[in-house]
Visitor: 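Before I ask anything, let me first share the structure, which is written out below as structure tokens.
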Amino acid sequence: VIKKIQEVLSRAEKEVIIFLPHYEELASYLDHIFNSLIGKGVKVRLTTESEVSLKNIEVRLRKPILAVDVLVDEKEAIIGLPNYSACGWVENPAIAKHFKEFLELLWENSRTQ
């Protein structure tokens, strides 16, 4: 699951929306990817359960986060279990657009840190 998240994120060109229950568990896998994306001008928005210090990334807090959600460029989406044991992936703009509407609602109802 973590490798799939890394793979999908690495293809981002415009925007990433990601919900992770515990960012710190994946920080060692994602920090360099996020830095690369920011360097390419990709907008990254992260929602997690505890405060994190990340530069150039919009961060919101929400408890609980019931699933791992990743949306890349309104093209690809991942939804996974919070323990990273299983996930589903889709590369379909129609489904990704619908998923974005759901994630935007969660984002708007999450608090800033």
Visitor: Side-chain contact, heavy-atom cut-off 4.5 Å: Lys63 with Arg111?
Guide: no
Visitor: Tell me if a side-chain donor or acceptor on Arg62 pairs with a main-chain N or O of Trp107 at a distance below 3.5 Å.
Guide: no
Visitor: Looking only at non-hydrogen atoms, find the nearest pair between Ile78 and Lys4 and report the distance.
Guide: CD1-O, 3.8 Å
Visitor: Provide the closest heavy-atom pair for Val68 versus Pro21 in the form atom of the first, atom of the second, distance.
Guide: CG2-CD, 3.9 Å
Visitor: Grab the two heavy atoms, one from Glu24 and one from Ser50, that are nearest each other, plus how far apart they are.
Guide: OE1-OG, 3.3 Å
Visitor: Rounded to the nearest 0.5 Å, what separation is found between the NZ atom of Lys40 and the OG atom of Ser10?
Guide: 7.5 Å
Visitor: Decide, yes or no, whether a salt bridge links Arg11 with Glu7 under the criterion of side-chain N to carboxylate O below 4.0 Å.
Guide: yes
Visitor: Taking the side chain as every heavy atom from C-beta outward, state whether Val8 and Glu91 have any atom pair closer than 4.5 Å.
Guide: no
Visitor: Taking the hydrophobic residues Ile, Leu, Val, Met, Phe, Trp and Tyr, and joining any pair whose side-chain heavy atoms are under 4.5 Å apart, which ones share a cluster with Val90?
Guide: Ile95
Visitor: Taking Lys75's backbone N and O only, do any of them form a donor-acceptor pair with Asp73's side chain (distance below 3.5 Å, no angle check)?
Guide: no
Visitor: Taking the side chain as C-beta and beyond, is there a heavy-atom pair between Asn56 and Phe34 under 4.5 Å?
Guide: no
Visitor: Sorted by first residue and then second, give each salt bridge (charged side-chain N to carboxylate O under 4.0 Å, His left out) pair with at least one member in residues 43-58; sequence neighbours left out.
Guide: Glu15-Arg45, Lys43-Glu58, Arg45-Glu104
Visitor: Is there a path from Leu61 to Ile18 through hydrophobic residues (I, L, V, M, F, W, Y) whose side chains come within less than 4.5 Å of each other?
Guide: no
Visitor: Atom CG in Leu26, atom OH in Tyr84: separation rounded to 0.5 Å?
Guide: 4.0 Å
Visitor: Evaluate Val42 against Val72 for side chain to side chain contact (heavy atoms under 4.5 Å, CB included), listing each step before the verdict.
Guide: CA-CA 10 Å; Val42 175; Val72 171; over 6 Å; no
Visitor: Drop me the distance from Leu37's CG to Lys14's NZ, to the nearest 0.5 angstrom.
Guide: 14.5 Å
Visitor: Leu20 and side-chain contact (heavy atoms from CB on, under 4.5 Å): which single residue from Thr47, Asp69, Leu46, Ile65 fits?
Guide: Leu46
Visitor: Answer whether the closest heavy-atom distance between the side chains of Phe102 and Ile79 falls below 4.5 Å.
Guide: no
Visitor: Please report the interatomic distance CD1(Ile57) to CG(Asp31), rounded to the nearest 0.5 Å.
Guide: 7.5 Å
Visitor: Does the side chain of Phe19 reach to within under 4.5 Å of the side chain of Pro82, using non-hydrogen atoms?
Guide: no
Visitor: Could you tell me whether a side-chain N or O of Glu74 sits under 3.5 Å from a main-chain N or O of Lys100, the two making a donor and an acceptor?
Guide: no
Visitor: Once you round to the nearest 0.5 Å, how far does CD1 of Ile2 lie from CD of Glu25?
Guide: 8.5 Å
Visitor: Is there side-chain contact between Leu54 and Tyr23, with heavy atoms separated by less than 4.5 Å?
Guide: yes
Visitor: Please find the pair of heavy atoms, one from Val70 and one from Phe99, that lie closest to each other, and give the distance.
Guide: O-CE2, 3.7 Å
